[in-house]
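Please read all numbers here as calculations on a predicted model, not as lab measurements. Just so we're on the same page: letters track the sequence lines, and every chain starts at 1.
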Amino acid sequence: MVQVVFEKVSKAYGDTVAIPGLDLMIESGEFVSLLGPSGCGKSTTLRMLAGLEQPTSGNIRIGDRDVVNLAPAARDIAMVFQSYALYPHMTVAENICYPLKKRGVAKADRAIKLAEVAALLQLEPLLARKPGQLSGGQQQRVALGRALVREPSVFLLDEPLSNLDASLRAHMRAELIELHRRLGKTMVYVTHDQLEAMTMSSRIAVMRAGELQQFAPPDEIYNRPANVFVAGFIGTPAMALADGSLADGGGHLVVHVGPLAVALPYAAAARPAAVTVGIRPEDVLVGEGPWQAQVRLVEPTGYETIVALDAGGLALTARVPGSKALRVGETVPFDLRRERIHLFDKSDGRRWKPAGR
Amino acid sequence: MKKRPAWIVSLVTWPIVLLIAFPLLWMLITSIKPAAELFSTSPTLLPKAITFEHYARVLQDTPFLQYFANSMILATSTTVVVISISVLGAYSLVRFAYPGRETLASLVLFTYLLPSVVLISPLYLMLVSIGLANTLASLVIAYTSFALPYALWLLRSFMAGIPQDLESAAMVDGASRMGAFIDVVLPQALPGIISTALFTFILAWNEYLYALVLVNSDEARPLTTGVMTMLISAFNIEWSLLMAASVLMSVPLIIIFAFFQRHLTSGFGAGGVKG
Amino acid sequence: MPDIALQRSGLSRERRDALLGLLLIAPTVLVLGAVIVYPLLSAIALSFQSVYTPTLEGHWVGLANYRELLGSGGFWAALLTTAIWTVGTLTLQILIGVAMALLLHQNIIFRSLARSLVLFPYFLSTVVAVLVWRWLFNDLYGIVNHGLMAAGIIDAPVNWLGAMPNAMLSIMVVGAWKFFPFVVIAVLARLQTIPEALYEAARIDGAGPISRFFDVTLPQLREVLTIVILLRTVWDFKEFDLIYLMTGGGPVNGTRTLPLIVYQQAFGLNQMGMAAAYAVSMMLVMLVFMLAYLQRARKAAA
């Protein structure tokens, strides 16, 4: 069942167009991340869904209702803000009960709901405190509690973890995944952190300059990025991208990139004139192979070592297992996982699928 | 970690502080000195005898209490009127989008600087023509001309400091726009509203020019012009009486100052300097 | 709730929002229109008329008031007096204010009591301030003359308010006493936001206390001082109560500033039209400072 629909939604601030026209369909029970660099329109999209901002044109539906002209209160949504937006003059209990109170839930029922949510999020000892007396992680839980208490049909989360420190963030990520699994509710999650998006989402909507780049499950986003932007944006260290060209190497396809001519296991039928070639660090195999590269930079992380290579002008990054003793300036042989090389049509930046794949 | 007190700086600062406070101290001393001591050729710093007769006379023999009541009514009504209008107005200026908003904000700031003497003649004509001359109501109306822009400007900067996410959260949680204003914005703005109200009260309590021009009967005369009338009408200026009146007139300010100094200084920063 | 009524109106949400905003600002606009915009326009209109205050009867005289005003020496003399008063008292306010702020920023004993004592004059009614100072300056029994004579600085009582230039100097001092706390609060607030690291860095670079003041403190205070000076210029320029109550503009016209002339013309000489012409001219002079402040304050608010 479709839960949330954006139909040709656009948003302009005066003459500045933030979102030219967005189409997006979110299924019921999905965990969807809106991912992109800052200023890509992901927060605006969420705020339009919440009713905090008005689209310039287009339609937004939640369930079977048109919500564009509904106030936020009437949309059956709950939202967690990046700043948590806890009401500073109310206690934790009052904060959590506020949405119930506003909907006219009887006092006794409010107490029951409060107890449930407090137990779920382990907030019991904090109920009488004011937000100012809580740590960042506790405030985060209260904000979640305030969203959960009402059992809305859609949860909106606007970078809820970005104000937490790294270890707490990892912990909360796991808790959010568990929460989503348990509640089975639709969640729309805005983040600029690809790790959050990759680990939590059932589908990721990658956005850039107000336009949807790709909307797909995490593994597809990673393994088959729809265009050069998604390819470069997803993955750390980033995919190496370089201009190249395709040629017919006697029936099979050959890609020329930098000084390399890499024969690919595809037929050389119709092909674009110029391409952008993308190679992920894990697909560069250092140690043996037909090509030579000079080591530019070595970054050991313990588990693996990130190596920047220069193959005759072609900049590549490689992941080498362990802390292999490589020296800067040394020349090493390398090979590529040919079937995993990404090709994008240079004319429009889109992923190009060779025939026979 | 508490810093060590700076003794040498204290030794320099305190005499200056006392010098600045001296006129007020002298006011207090004069008000409790017997009249005879006042005109001695060699006045002493501390009174030889303490008397409260001047206070008794101010309260019994002069219309001081009438003036005091007038000032109280006047300053309180001005504060209530100005705060109720400016709280809504400031919220509108801070959070809503409509054509002319920026122009209006600039206009408010401009009127905040406008000299009263420019407005006084037309206001006098206007209030006479609607038959309000010589009433406290006429003064409340006149006082809004300087207190409202002032209050708007102060509250505007207080409200701009309230995170907008709070209202968004309240609206998502089920509040209407005005509901969010009442549930979230008002409680958050309360310290700002208190300092603005205190400032408005002080401004109205201390105002002189409009009271001088618009009111010439004891029934509606506030303290500022009232006490000056006592000075002018007396054949011999009775300084001890005037000093006692001055002390009594300052009592509400001392109370405000003693209990709300933090509010006053924060309001000060918000309106006067930060812009 | 007005917004719920608006919700049922069938207008788009954006429109309803703007309408609610206009509804909230409406009382402000109405009141400001009635007590400021209308009187301001009337003042300008009045300045082209000749109005006799007691009967309030008037007729148009065109630019005659302005011609008379610019031709008479009174306006120019008062403008000069106003400028002298403003520059004099403002200089004192700034010097005392900055010095006091620097001292009160130190960790002196009983600091908060000292701050309260220093700030109090600003919140006091001008009427009270004037009464106290007139008593202090009293030529026969005033403590100022007594004190100065006892100290041997003067050997006969000085007429502080009845002679020039004493009267001008006296009101400057009273103005400084009454208004310097404004400078103290503003500067003190700014001083508290200067990061300690700047001073530490300066110390490491070998700066002594004096060069720390000129190289670290003063540049940090520049912005706040500009705003304070502009604001206080406007306020001192239009000061009426203090001067009117201290000297009434005297002796003769020695301390008669522009606001006093406006009042005198309107309610002493009963020439409301002429008074308006004075008021409008005065405002035009002030406009430079008002616009400068406006521009700064809008920039700071943005």
Side-chain angles (χ1 to χ4, degrees), chain B residues 3 5-6 9-10 13 17 20-21 23 26-27 30 38-39 43 85 88-89 91-92 96-98 106 109-111 113 115 117-119 121-123 125-126 141 144-145 148 152 176-178 202 206 208-209 213 224 227-228 239 242-243 246 249-250 253 257 261 265 268-269 272-275, chain C residues 1 3-4 17-18 20-22 24-25 27-28 31-32 35-36 39-40 42-43 46 56 103 106-109 114 116-118 120 123-128 131-133 135-136 141 143 146 185-186 189 224 227 234 238 240-241 259 262-263 266-267 272 275-276 279 283 290 294 297 300-301:
Chain B
K3 268 215 242 159
V9 185
S10 305
T13 310
V17 171
I20 288 163
W26 195 239
M27 160 175 88
T30 307
L38 222 56
F39 304 110
I85 297 173
L88 300 179
Y91 182 56
S92 173
F96 287 84
Y98 44 84
S106 295
L109 189 55
F110 179 74
T111 54
L113 302 175
V117 286
V118 174
L119 304 178
S121 303
L123 271 176
L125 296 179
M126 184 175 101
I141 294 173
T144 52
S145 73
L148 185 59
L152 273 168
S176 63
R177 182 114 202 202
M178 285 313 281
I202 294 174
N206 289 343
Y208 177 76
L209 177 58
V213 168
T224 46
V227 170
M228 287 315 287
W239 285 109
L242 284 171
M243 290 302 105
S246 296
M249 182 177 168
S250 309
L253 301 182
F257 202 70
Q261 201 191 342
T265 35
F268 209 91
V273 180
K274 279 183 202 142
Chain C
M1 292 278 113
D3 51 335
I4 289 169
D17 235 34
L20 181 60
L22 288 172
L24 294 174
I25 199 76
T28 302
V31 172
L32 289 185
V35 301
I36 293 177
L40 193 59
S42 318
L46 270 175
L56 300 179
L103 288 175
Q106 305 299 317
N107 196 27
I108 62 165
I109 46 169
S116 299
L117 286 174
V118 164
F120 195 65
F123 296 93
L124 208 62
S125 165
T126 303
V127 168
V128 171
L131 285 174
V132 171
W133 277 94
W135 171 228
L136 290 167
Y141 309 108
I143 193 75
H146 271 302
I185 302 181
V224 73
I227 289 184
V234 172
K238 68 177 191 175
F240 173 83
D241 303 3
V262 176
Y263 174 78
F267 302 100
M272 227 164 228
M283 214 170 58
M290 292 165 84
L294 232 59

Quick check: closest heavy atoms across [X] and [Y], and the distance to 0.1 Å?
{"X": "B:Pro23", "Y": "C:Leu136", "value": "CB-CD1, 3.6 Å"}
{"X": "C:Leu131", "Y": "B:Ser246", "value": "CD1-OG, 3.5 Å"}
{"X": "C:Ile36", "Y": "B:Ser145", "value": "CD1-O, 3.2 Å"}
{"X": "B:Ile202", "Y": "C:Phe123", "value": "CG2-O, 3.8 Å"}
{"X": "C:Leu40", "Y": "B:Leu119", "value": "N-CD2, 3.9 Å"}
{"X": "B:Val117", "Y": "C:Ala279", "value": "O-CB, 4.2 Å"}

Between B:Thr144, B:Leu148, B:Leu209, B:Leu152, who has the most heavy-atom pairs with chain C when the cutoff is under 4.5 Å?
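Highest number of pairs under 4.5 Å: B:Leu209.
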Between B:Val227, B:Leu109, B:Leu123, which residue shows the highest count of heavy-atom pairs closer than 4.5 Å to chain C?
B:Leu109
Pick from [options] with the largest number of heavy-atom pairs that fall under 4.5 Å of chain B:
{"options": "C:Gln106, C:Met283, C:Lys238", "answer": "C:Lys238"}
{"options": "C:Leu32, C:Val31, C:Val262, C:Asp241", "answer": "C:Asp241"}
{"options": "C:Tyr141, C:Trp133, C:Phe240, C:Trp135", "answer": "C:Trp135"}
{"options": "C:Thr126, C:Val118, C:Leu124", "answer": "C:Leu124"}

Could you look at [X] and say if it's the side chain, the backbone, both or neither that has a heavy atom under 4.5 Å from chain C?
{"X": "B:Tyr91", "result": "side chain"}
{"X": "B:Val9", "result": "both"}
{"X": "B:Leu125", "result": "side chain"}

Just by modelled atom types, is the B:Ala97 backbone N or O under 3.5 Å from a matching donor or acceptor in the C:Asp17 side chain?
no
Quick check against the 3.5 Å criterion: does B:Ser10 have a side-chain atom that pairs as donor or acceptor with the backbone of C:Ile109?
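Present.
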Take B:Trp26 and C:Val132, measure what side chain to side chain contact (heavy atoms under 4.5 Å, CB included) needs, and give me the verdict at the end.
CA-CA 8 Å; B:Trp26 195 239; C:Val132 171; 5.6 Å; no
Check the orientation of C:Phe120 and B:Phe257. Use parallel for under 30°, tilted for 30 to 60°, and perpendicular for over 60°.
perpendicular
Apply the test side chain to side chain contact (heavy atoms under 4.5 Å, CB included) to residues C:Ile25 and B:Tyr98: give CA-CA distance (whole Å), side-chain angles for both, the deciding distance (0.1 Å), then the verdict.
CA-CA 11 Å; C:Ile25 199 76; B:Tyr98 44 84; 3.6 Å; yes
